Amino acid sequence: MEKPDVSQDDILDVMEMTEKLESYISQVLKGSELSLSISALMSATINCILIQCKNVEEANTYRDIFTKIFDYAIKSIKIKMKNLP
């Protein structure tokens with residue numbers, strides 16, 4: 001998979017879209033059972049990734065990217081928790 005050349009405007013658009021999606025997802029899942037929410041989010045994530053892939057190698061690349069982002073988020077949370085008073 002080639003690394004795309006993404007403009008700064010496109011990056012800002014993606015960040016804005018991501019924030020909106022997070023807000024909408026939060027509203028829908030608020031009050032739902034945690035195990036159901038996690039299952040729904042994982043299914044949606046997997047389906048969105050697979051729809052965009054042309055082959056297994058691309059799917060694996062997206063999976064790796066998702067995993068790295070998830071790992072980073074977990075490490076970031078641990079850092080924030082350690083800094084709490």
Side-chain angles (χ1 to χ4, degrees):
M1 189 165 98
E2 293 180 24
K3 189 174 182 178
D5 184 27
V6 182
S7 72
Q8 187 68 25
D9 286 343
D10 288 341
I11 292 172
L12 293 175
D13 288 345
V14 168
M15 290 172 61
E16 181 181 347
M17 182 175 49
T18 301
E19 289 174 4
K20 287 180 181 178
L21 282 170
E22 288 173 349
S23 173
Y24 296 141
I25 290 169
S26 177
Q27 291 172 21
V28 170
L29 296 178
K30 189 178 274 186
S32 297
E33 187 177 321
L34 182 61
S35 60
L36 294 175
S37 299
I38 290 171
S39 176
L41 285 172
M42 290 302 296
S43 293
T45 301
I46 291 167
N47 288 332
C48 287
I49 288 172
L50 293 178
I51 286 170
Q52 297 179 64
C53 297
K54 297 179 186 107
N55 53 47
V56 174
E57 289 78 22
E58 273 191 4
N60 286 332
T61 299
Y62 280 111
R63 180 204 58 208
D64 293 343
I65 292 168
F66 176 82
T67 303
K68 286 177 186 176
I69 292 169
F70 191 53
D71 288 346
Y72 177 79
I74 290 170
K75 289 176 186 173
S76 181
I77 290 169
K78 288 181 183 176
I79 290 170
K80 289 178 188 174
M81 290 176 67
K82 286 181 181 178
N83 293 332
L84 291 176

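Nothing here was measured: the structure is a model prediction, and the numbers come from that model.
Across all non-hydrogen atoms, the minimal contact from Ser37 to Ser32 is OG-CB, 3.4 Å.
The backbone N or O of Glu19 sits nowhere less than 3.5 Å from a side-chain atom of Ser23 that would complete a donor-acceptor pair. The backbone N or O of Tyr72 lies less than 3.5 Å from no partner atom in the side chain of Ser76, so there is not a single donor-acceptor pair.
Taken to the nearest 0.5 Å, the CG atom of Asp71 stands 10.0 Å off from the CZ atom of Phe66. Distance check: Arg63 CZ to Lys68 NZ gives 10.5 Å after rounding to the nearest 0.5 Å.
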Could you list the donor-acceptor pairs under 3.5 angstrom formed between side-chain atoms of residues 43-52 and any protein atom two or more places apart in sequence or on another chain?
unit_1: Ser43; atom_1: OG; unit_2: Ser39; atom_2: O; d: 3.1
unit_1: Thr45; atom_1: OG1; unit_2: Leu41; atom_2: O; d: 2.8
unit_1: Asn47; atom_1: ND2; unit_2: Ser43; atom_2: O; d: 3.2
unit_1: Gln52; atom_1: NE2; unit_2: Cys48; atom_2: O; d: 3.1

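Side-chain contact between Ile38 and Met42 is present, with at least one heavy-atom pair separated by less than 4.5 Å.
Put simply, the residue from Ile11, Asp13, Thr18 that forms a side-chain contact (heavy atoms from CB on, under 4.5 Å) with Met15 is Ile11.
Take Lys20 and apply the salt bridge (charged side-chain N to carboxylate O under 4.0 Å, His left out) test, not counting sequence neighbours, and it matches Glu16.
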